[in-house]
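See below for the structure under consideration.
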Amino acid sequence: MAAHAKLSASGSKRWMSCPPSAQLEKEFPDEQSSYAAEGSFGHSLAELYLRKCFGMVSNKAFDAQIKLLKNNSFYTQELTDSIQIYVDLVIEKVNAAKAISKDAVILLEQRLDFSPWVPDGFGTGDTIIIADGLVEVIDLKLGKGVPVSAEGNTQMRLYGLGAINQFDCLYDVQAITMTIVQPRLDSVSSEELKAEELLTWGENEVKPKARLAFDGKGDFCAGDHCKFCKARFSCRARAEKNLELAAYDFQEPFLLNADEIAEILGKIDELTAWAGDLKAYALDQAENHGVNWPGWKLVEGRSNRKYTDEKKVADILVGAGYKDEVIYEKSLYGITKMTDKIGKKSFNALLAEYIIKPPGKPVLVPASDKRSAICSIASAQADFS
Ligand code: SF4
């Protein structure tokens, strides 16, 4: 019989939506990304700063550890500034908790055991604050992609269950706040639940799905949770769901009507994400693992011409009488690179008033999107006339 699947808190949205994915993923190797490596480095740095703030590490030990961390290739001013935002927020929350209860407890990088709901389930809470029956679990996320909401977030809720499981007998936990801090996106999001509500969710929602996932049972279900599934490239359920569009029942007349176009629009993002994943997987397998896809072959792609020796080229042109300004171009670093170079703090202090955010190009999104609708050019012209 196959070994049971490992159910992580970070993958919980996926295995709760598609329970057999947990078992299927075991057939694929772990995916290591440099973002994840930078993330764990950032967490070590944040933990060290917080330990220093709360007197959990001596000055001598701090100096020795920070010296080591500063030599790491992931150490940048921008990362340090981002972590400082998180550290300041944690200190603020700890002070507020101490104002309520002087015995408030703070725990860093705490193992949280949620195995009463998820077989073998545990995770790590970056910061836990406990005061007067209230527990707050804070998670630092260093991604630069999109803000993640704590509302209904299954990973945070599992950490919350773990906190109740471990601390209820000591602190009689009444309510729990789960907070996600994303300093690089200026985003802080929280969800607060009564302990009872969270326990009910654990019993009714998590437990049955975790059991199915652990045993590799249940139905496959494709959706946006496929994005981080290790089986996403070759999963049949995902392919079938996306290929449903190809089987779209096109009716006469020959032109699509507004309802049909609207329906197709709703499927395109997932369809293109799936198509991109499939192409990248097929290329990687062919190029790096010698896989032959029937009817396909590897060829050299297009390439651009480039200089073999830039210095030599410049010498020749200068020798031929061309001036520097004709052959060189100078440009300022872009905003992201400049922030990396000089750090977020200096960037904001020196340049904030010289940064604008021009209106973005119009995009079509579902009506449920939180952004306000803008007028089309045609309707603005109609209003004007
Ligand atoms: S790719 Fe999607 S449908 Fe397929 S196993 Fe993973 S989560 Fe389930």
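Model, not experiment: these values are computed from the prediction. All residue numbers refer to positions in the sequence shown, counting from 1. Just so you know, ligand 1 is whichever comes first in the structure, and atom 1 is the first atom listed for that ligand.
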One thing to verify: whether [Y] and [X] come together as a salt bridge, which I'm taking to mean a side-chain N less than 4.0 angstrom from a carboxylate O.
X    : Y    : value
D63  : K67  : no
R184 : E78  : yes
D324 : K330 : no
E287 : K297 : no

(request) Show all protein N/O/S atoms under 2.8 Å from atom 2 (Fe) of ligand 1, or state that there are none. (result) C226 SG
(message) Test of understanding: with side-chain hydrogen bond (donor to acceptor under 3.5 Å, both in side chains), list the residues that count as partners of S234, not counting sequence neighbours.
(response) none
(request) Kindly compute the distance separating CD (E196) from CD1 (I176), expressed to the nearest 0.5 Å. (result) 13.5 Å
